[in-house]
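Atoms within a ligand are numbered from 1 in the order they appear, just like the ligands themselves. Owing to the predicted nature of the structure, the values given are computational and were not obtained by experimental measurement.
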Amino acid sequence: MTDGRPPAILGDWWRPGAIYQIYPRSFQDSGGDGIGDLEGIRRRLDYLVGLGVDAIWISPFYPSPMHDFGYDVSNYCDVDPIFGSLRDFDLLLADAHRSGLKIVLDFVPNHTSIEHEWFAASRQRRDDKSDWYIWRDGAPSGGPPNNWRSHFGGPAWSFDSARGQYYYHAFLPQQPDLNWRNPKVKAAMFDVLRFWLRRGVDGFRVDVISQLMKDEALRDNPANPGWTPLRPQIEELLQLYSGDQDDIHPLIAEMRGVLAEFGDPLLIGEIYLPMERLVAYYGAALSGAHLPFNFQLLETPWQAESLGAMIASYEALLPEGAWPNWVLSNHDRPRVATRVGDAQARVATMLLLTLRGTPTLYYGDELGIGHVDISPPRIRDPWALREPSLAVGRDPVRTPMQWDDSANAGFSTHEPWLPLTPDWPERNVERFEAEPASLLHLTRRLLHYRRDHRTLSLGSWRLLASSNELLAYERRSGQETTIVVLNLGGASQLWRLDPAGSSFCVAISTYCDRAGERVDQVLRLRPDEGVVLAVLG
Ligand code: GLC
């Protein structure tokens, strides 16, 4: 927890800023093929500016055979024709900057596509690239070199008959892992960062950053005693040696050094680790990621006690000067409305946008898009196809943005690559614009309020209550105090305000109907209602 003083370093845009994640296949199609593209994003910039976000992070749009929908990159310095061209990217970047929006790219350094020319050379031991990937002979007793599993099920090693050895792939066989212990790999990948930084990008979200370094001896991972067959195969083993090694931290510091050549653009790290391990990714003397993605809101049970305890522990674990961040949904996990339901999705949005630190919103969450059933013939996610017995499919969270009630929800003139939600004629941007109490209006109101009141983004955070389905906290900066009270249950509640003598005024209710209401002593909360209260003194 902080002590009430505003943080010392306020200069970086991303501290008070809010980030909006765009899955480019699904945001806006301009080419009429049912798949979103960069020009589509450019045409929707006004929407994003109006919403009140500060930056967009765009999932990969580089040339790719799309085995993992762009997370299998075959050329790091170009744009896949599905998404447009480098020229489209430059136009998007220029227009975004003109409108005050930053652009954060997805950098995928752990693995390339099997179709990358580096892998072609490596499997033939050509061009000095023999050691650019992780090649090993099979175990003496036969079979793969060790017991590591792929995140998408099955072994993490495949035999390459061209080379007569196994190669390691933490994900699909079509995604061979690079050998980051080879200085040439490091140099080549750092040049990729420079390529995009020279074009003017504002930062990177680094894919599976914690897995770049693996145990040098490639020791077997130990069994996970808690695993059951209902869980993904990867979890059958504890990931002790296949990632999160100590030598990742100096490597990230070097990456930061490359970014420092261009000012200090934002470095976000994708890291699914327990909080205690996660915070190590800020690095010694904050030389690591500016924002190691904090996925706790995706994983914590939706109860006042658990959420309050989790937020307080995260705040307490942050190293001195480290900046917090929060993620509510992304392209890999069920959407927030699926996890907590429609009514609580509004409360969750208020929570995300009133905690201390940088929030990341996921496209479509401002419409409360929920689970979309994908019929078996339309399943595209490789993980869902490889572990069909588990509910791990990621297609339901990657469906197209719903803009209006015209054909294909205004997303495309062509049938979209994934289906829309069944309620898209009612759940779309145009319709929600016309409903003053819609989740879209609530999200926009919160983002703008946050921008106008730095107490909400930068002020200190103090837990006031977390029990009986009520979560309440105070945000404070200088003379300004804001109180947030969230009713996580379906019954009405009363919240007694403290200290007596102050007066309070509702700034925002998740029902969007009581702004300006004066509150004395007792706040009445309706079911599933969240309230931001300004303390008048
Ligand atoms: C990250 C991405 C995920 C991808 C995986 C492999 O976890 O978020 O979508 O499948 O890395 O690149």
Applying the side-chain hydrogen bond (donor to acceptor under 3.5 Å, both in side chains) test to Y71, which of S113, S64, S59 qualifies?
->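 So the option named by the test is S59.
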Find all atoms of ligand 1 within a distance of less than 4.0 Å from any non-hydrogen atom belonging to R394, and give their numbers and elements.
->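 Listed by number with element: 3 (C), 4 (C), 9 (O), 10 (O).
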Numbered atoms and elements of ligand 1 in range of R398, under 4.0 angstrom, heavy atoms =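 Result: 9 (O).
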To which protein heavy atom is [atom] closest, and what is the distance rounded to 0.1 Å?
{"atom": "atom 8 (O) of ligand 1", "result": "D332 OD2, 2.5 Å"}
{"atom": "atom 1 (C) of ligand 1", "result": "D207 OD1, 2.8 Å"}
{"atom": "atom 5 (C) of ligand 1", "result": "F171 CE2, 3.7 Å"}
{"atom": "atom 6 (C) of ligand 1", "result": "D68 OD2, 3.4 Å"}

Heavy-atom nearest option to atom 7 (O) of ligand 1, drawn from H151, E270, H67 = E270
Ring centers of [X], [Y] separated by less than 6.0 Å:
{"X": "F89", "Y": "F61", "value": "yes"}
{"X": "F293", "Y": "W57", "value": "yes"}
{"X": "Y314", "Y": "W326", "value": "yes"}

Return yes if some donor-acceptor pair links the side-chain N/O of S122 with the main-chain N/O of S130 below 3.5 Å, else return no.
->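 Judged by distance alone, yes, a pair lies under 3.5 Å.
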Please answer whether the main-chain N or O of P232 pairs with a side-chain N or O of W227 as donor and acceptor at a distance below 3.5 Å.
->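 Indeed, once roles are kept as given, a pair shorter than 3.5 Å links the two residues.
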Ligand 1 versus [X], non-hydrogen atoms closer than 4.0 Å: side chain, backbone, both, neither?
{"X": "R333", "result": "neither"}
{"X": "F152", "result": "side chain"}
{"X": "R205", "result": "side chain"}

Taking the non-hydrogen atoms of H111, is any one of them nearer than 4.0 angstrom to ligand 1?
-> yes
With H290, which of W13, W14, W323 fulfils ring-ring contact (aromatic ring centres under 6.0 Å, His included)?
-> W14
Evaluation steps, side chain to side chain contact (heavy atoms under 4.5 Å, CB included), between M189 and V258 | CA-CA 10 Å; M189 291 304 278; V258 175; over 6 Å; no
